[in-house]
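Not measured: the values here are computed from a predicted model. Atom set for the values below is all heavy atoms of this structure, side chains included, hydrogens, waters and symmetry mates excluded.
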Number of protein chains: 2
Amino acid sequence: MAKSSSKDSPQSIARDVARMILTGVWREGTILPREIELASRFDVSRASIREALSLLKGKGLIASKQKAGTHVRARFDWNMLDEELLNWTLSALPTQEFAKQIMEVRRIVEPEACAICAARGTDEDFARIERAYRGMDAAGMDRVAYAEPDLQFHRGILIATGNDFLIAFGATVAAALRMSFNLSSTNPGAPRKSLPYHRAVLDEIWARNADGARQAMHKLMDLTEQNIVSAMSRQKKKDAENETIRTKRTR
Amino acid sequence: MAKSSSKDSPQSIARDVARMILTGVWREGTILPREIELASRFDVSRASIREALSLLKGKGLIASKQKAGTHVRARFDWNMLDEELLNWTLSALPTQEFAKQIMEVRRIVEPEACAICAARGTDEDFARIERAYRGMDAAGMDRVAYAEPDLQFHRGILIATGNDFLIAFGATVAAALRMSFNLSSTNPGAPRKSLPYHRAVLDEIWARNADGARQAMHKLMDLTEQNIVSAMSRQKKKDAENETIRTKRTR
DNA sequence: AGAATTATTATGTCAGACATATTTTCTCTT
DNA sequence: AAGAGAAAATATGTCTGACATAATAATTCT
C-alpha cells in the first residue's frame, strides 16, 4: 500500500487515493477505509484526510454518507476532463488505451476549434498563437524547450474560440502533450517534425480560412497520433526486452 | 452578500462562493476574505469553510497560499466541464452566451460520438439507448417525465463509444438538457417534437451506419439549438415586459 | 537608500470532543 | 418463526482552540 515515509500533504494524499481508484485497487462502489484508518495509514490528522477527500469529491471520484462511509462513485461520474485527474491517470497507467482515447477526443475537438478560431479569433489571439509558434521554432531540437510553446500554441487556438468549454478542454490537450513528451525520449527528433504542420495551421488561421484551418489541424492530429502510436510500440518492445532479461535473470 | 439564515453545509457554501466567482463579484486574481471572516459570514466553523474551499480547489476555481490568502484562479484553469460547476453557472447566469457556447460544443462532440457509437457500440449499448427512447415516447407530453430518458438517450450514446473522455462529456450534455428543460416552460410542446429526430438517430445506430448516425445527430442538434434560441428570445421578451411593468409601477 | 533582520498574519495542521444519521443488533409481539 | 419496532453502535459531519509554517510587512542597521 502507498504508505509513505513521514509527512504527506493533502494534495499528495489525494493523488495517492485517486491512483488507487484509477488503477482499480478500489473499484466503483468500494467503501474505502474509514477516515481514522486512513489518517493513521498516511500518518496525518483526520482533518488532512478530510481535506484530501474533499478534493476528490470535487472531481466526482468519491462521495460520503454519514455512517455508511466514503465510497467510490460510478465511473460515469468521474470528471476525466479534469487536469489533475488526467495527470494522475497518465502517471498511474499510461496505457495504449488511454492514448487512443485521448487522441480520439482531440481529433474531434481540435480541428473544429481551429476552424472557429480562424473564423472568429481576434488579431491579438492570432499574435499569441504566432508567438507560441516562434517559441517552438526557437527551441530547435531541444525537446524540453519545445514542449511549453507547443502547449501554448494549441491552448491559444482554444482560447481564440472564446468558448469557455473549449478553453476548459485545454487541460486534456495539456495531458496529451505531456504524454507525447514522455514518449518522445525514444525518438528525440519527433517533436520537431511537427513544426511545419503547426506552420500550416498558423497560415490558415491568419488567412481566416476556416476550412483550411480545420484540415491543417486534422493533418497535425494525424501526425501526432502516428508519433504516439509508434513511440508506444517502441516503448512496449523495450519493456518486453527488459522483461525478458529480468525473467532470465530471475530463474 | 449571500449570508443565509442559520446553517449552511460546506456544499452550499461552496456553491455560494462559486457563484460569487462565476458572476464576477470575485474576479480572477481576487483574494477572497480570510477563512475566519468567511466562517463568521456563513455562520459556520473554519473547518467547514476549509472543506467548502477544498471542493472548489478540486474544480480549479481557487488556490491558496500560506499567509497570502486564497485567490481566484485564472479563468483558463476553471474546469467548466465539471457537472456541479455547470449547474451552478446555469442557475447563476443562464445567459444567451452560455447557451450558445454549450450548444457549440455539443454540435462538435455529439455527432462524432454518435458515429463512433454506431461503428463500435455493442448490442447491449444500443438496447440501453432504445430503452431510453421508449421512455421518451411513453412520456408523451409530460415534460418532466420526458427529461430523464432524454438525458439517458444522449448519455447512452456517449457510453457506447467506450471513450472515458466522451463519457465525461455527459455532464455537459446534462447541463444543456437541464437548461432546455427550464426554458421549455414557455413552449411545453417543444421537447416532444424532438422525438422523431431521436428515432432517426436510433435507426441509424442500429443499422451501424456511422455517417447516417452522424448526420441524424447533427439534425437533432440543429433542432435543439433552434428551440433554445427561440425559447430564450421569448423569455427575454417576457422579462422585458415584466421590467416595463415594474418600472411603470415604481415611478 | 538598500540590505538584512524581525514581527506579523493567514493558511496549514493537529488534537479531542460532540452531533447526527444510518446501519446493525436486539427485543418484543404476533 | 417471522416481522415490526426499539435500542445500541459507529462513521461521517461539525465545532473549538491551539500551534506550525511560510509569505508578507515593518523595522533596523549599514
Specify the separation, in whole Å, of atom [atom1] of [X] and atom [atom2] of [N].
X	N	atom1	atom2	answer
A:Phe42	C:dT13	CZ	C1'	17 Å
B:Leu38	C:dT11	CG	C1'	12 Å
B:Ile31	D:dA23	CD1	P	14 Å
A:Gln11	C:dT11	CD	P	15 Å
B:Lys67	D:dC19	NZ	P	20 Å
A:Lys65	D:dT10	NZ	P	19 Å
A:His71	D:dT12	NE2	C1'	13 Å
B:Ile36	C:dG12	CD1	C1'	13 Å

For DNA chain D, what residues of residues 48-62 of chain A have any heavy atom nearer than 4.0 Å?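 By residue number: A:Arg50, A:Lys57.
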First encountered from the 5' end of DNA chain C, between B:Pro33 and A:Ser45: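 On the 5' side of the pair lies B:Pro33.
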Mind jotting down which residue pairs meet the ring pair (Phe, Tyr, Trp, His ring centres under 6.0 Å) criterion with at least one end in residues 54-90 of chain B? Sequence neighbours excluded, please.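 Every candidate ring pair (Phe, Tyr, Trp, His ring centres under 6.0 Å) pair involving residues 54-90 of chain B fails, so no pair, neighbours aside, qualifies.
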Compute the centroid of each ring, for B:His198 and then for B:Tyr133, and state whether the two points are separated by less than 6.0 Å.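 For B:His198 and B:Tyr133, the ring centres are not under 6.0 Å apart.
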Taking atom types as modelled, is there a side-chain donor on [X] or [Y] under 3.5 Å from an acceptor on the other?
X	Y	value
A:Ser184	A:Asn187	no
A:Ser194	A:Tyr146	yes
A:Ser54	B:Ser54	no
A:Ser91	A:Arg19	yes

Tell me whether the NZ or CZ atom of A:Arg143 lies within the 45° cone about the ring axis of A:Phe181 and under 6.0 Å from its centre.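 Yes.
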Tell me which nucleotide among [options] gets nearest to the side chain of [X].
X	options	value
A:Gln66	D:dT14, C:dA19, D:dT24	C:dA19
B:Ala68	C:dA15, D:dC15, D:dA23	D:dA23
A:Glu35	D:dA22, D:dG13, C:dC14	D:dG13
B:Val44	D:dC15, C:dT11, D:dA23	D:dC15

Check whether the side chain of A:Arg46 and the base of C:dG16 form a donor-acceptor pair under 3.5 Å.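 Answer no: no donor N or O sits under 3.5 Å from an acceptor.
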